[in-house]
**Q** 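Quick one: the structure is below, and I'll ask about it shortly.
Both ligands and their constituent atoms are indexed starting at 1 by order of listing.
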Amino acid sequence: MSVHKEVKRVTTHTLQAMKARGEKISMLTGYDFSMARILDEAGIDVILVGDSASNVMAGHETTLPITLDQMIYHAQSVVRGVKRALVIVDLPFGSYQGNSKLALQSAIRIMKESGAHAVKMEGGHEIQESIKRILSAGIPVMGHLGLVPQSIYKFGTYTVRAKEEVEAEQLRNDAKLLQELGCFGMVLEKIPAKLTKEVSESLLIPTIGIGAGMHADGQVLVTHDLLGITKDFQPRFLRRYMNLFEDIKTAVQSYVNDVKIKDFPNQKEQY
Ligand code: KIV
């Protein structure tokens with residue numbers, strides 16, 4: 001008989017049950033095997049293979065350049081490191097907008113080739129045909145409203161969205177539409193806390209906020225921001241739990257020094 005306890009996997013249904021009983025959902029981004037293992041062992045509910053990999057892993061200024069193949073590579077690595085968390089993968093820019101057949105092909109590739117559990121897509125009414133077609137294939141979809149970074153060149157800046165009533169009303173309608181279409185949840189990025197409260201209370205499916213205040217049903221951050229690896233990114237909504245950029249730099253400086261002064265390796269560190 002095995003002494004190991006079976007790990008109960010988080011599913012899209014788990015997240016909806018969590019919302020129903022008022023339990024907050026924790027979500028962080030992950031792009032590789034080693035970090036995914038740590039996040040999963042730490043008890044994170046959801047790992048998002050975000051297209052923010054384009055920024056933090058590849059060094060691009062925006063999320064636009066990352067490709068579907070690159071997202072699949074990151075997703076495969078994350079899935080190999082996870083036993084419990086739900087793994088959601090961003091459909092990258094250009095893989096779903098304006099073409100629902102292409103959207104379905106892209107989502108199927110992600111699910112088949114990576115073993116992830118769901119996809120996330122940015123936008124509301126304007127991408128509803130793509131969402132419908134992906135859902136019709138049995139692939140769970142998470143929405144993403146508010147600041148949608150794949151449209152950064154339309155917005156012009158990364159400032160708070162939906163402060164004006166016209167945009168807030170559009171967001172309310174889009175949130176309702178995403179639920180009606182069958183999305184299992186949605187990210188709300190950088191919108192006023194009051195609007196997040198209103199939208200979250202009006203929906204049965206969970207909202208996951210980033211820069212959207214305390215009333216979302218869950219929270220997501222980019223892991224590299226939380227750990228202080230991306231040291232120059234310091235928006236008001238970000239809580240840093242570590243200062244890893246400096247800590248890693250100090251460790252590497254010590255290593256360089258030890259090699260230079262011939263202290264590493266010592267007698268005990270050789271064969
Ligand atoms: O790509 C990403 O990391 C995201 C989160 C910021 C929600 O979409």
**Q** Should K120 be listed as contacting ligand 1, given a heavy-atom distance under 4.0 Å as the test?
**A** yes

**Q** Flag E189 as yes when one of its N or O atoms lies below 3.5 Å from any N or O atom of ligand 1, and as no otherwise.
**A** no

**Q** Does the salt bridge (Lys or Arg N to Asp or Glu O under 4.0 Å) test come out yes or no for R84 and E6, once each step is laid out?
**A** CA-CA 10 Å; R84 174 184 171 272; E6 271 295 305; over 6 Å; no

**Q** Between T29 and ligand 1, which residue portion shows a heavy-atom distance shorter than 4.0 Å: side chain, backbone, both, or neither?
**A**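 Side chain only.
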
**Q** Quick check on side chain to side chain contact (heavy atoms under 4.5 Å, CB included): which of Q150, Q70, H74 does D51 satisfy it with?
**A**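 Testing D51 for a side chain to side chain contact (heavy atoms under 4.5 Å, CB included) against Q150, Q70, H74 leaves exactly one candidate, Q150.
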
**Q** Tell me, yes or no, whether the heavy-atom count around E269 atom CD, taken from other residues, nucleotides or ligands under 6.0 Å, exceeds 12.
**A** yes

**Q** Under 4.0 Å, heavy-atom basis, I'd like to know which part of T63 is in contact with ligand 1: side chain, backbone, both or neither.
**A**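 Looking at T63 and ligand 1, no heavy atom falls under 4.0 Å.
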
**Q** In terms of atom number and element, which parts of ligand 1 are under 4.0 angstrom from non-hydrogen atoms of D90?
**A**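 With D90 as reference, the close atoms of ligand 1 come out as 1 (O), 2 (C), 8 (O).
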
**Q** Counting non-hydrogen protein atoms only, what is the nearest one to atom 7 (C) of ligand 1? Give residue, atom name and distance.
**A**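 That would be L48 CD2, 3.8 Å.
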
**Q** Quick one: nearest non-hydrogen protein atom to atom 2 (C) of ligand 1, plus distance?
**A**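 Result for atom 2 (C) of ligand 1: S52 OG, 3.3 Å.
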
**Q** List every atom of ligand 1 that sits less than 4.0 Å from any heavy atom of I210, numbering the atoms from 1 in the order shown and giving each element.
**A** 6 (C)

**Q** At less than 4.0 angstrom from any non-hydrogen atom of H144, what atoms of ligand 1 do you find?
**A** 8 (O)

**Q** For the atom pair CD1 (I229) and CG (D247), what is the distance rounded to the nearest 0.5 Å?
**A** 10.0 Å

**Q** Ignoring hydrogens and angles, tell me if any N or O in the side chain of Q179 forms a donor-acceptor pair with the backbone of I205 under 3.5 Å.
**A** yes

**Q** To the nearest 0.5 Å, tell me how far Y255 OH sits from D263 CG.
**A** 12.0 Å

**Q** About how many Å separate CG of L227 and CG of L244, when rounded to the nearest 0.5 Å?
**A**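 Interatomic distance, L244 CG to L227 CG, rounded to 0.5 Å: 5.0 Å.
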
**Q** Should the proximity of I208 to ligand 1, defined as any heavy atom under 4.0 Å, be assigned to the side chain, the backbone, both, or neither?
**A**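 Neither; nothing of I208 gets under 4.0 Å from ligand 1.
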
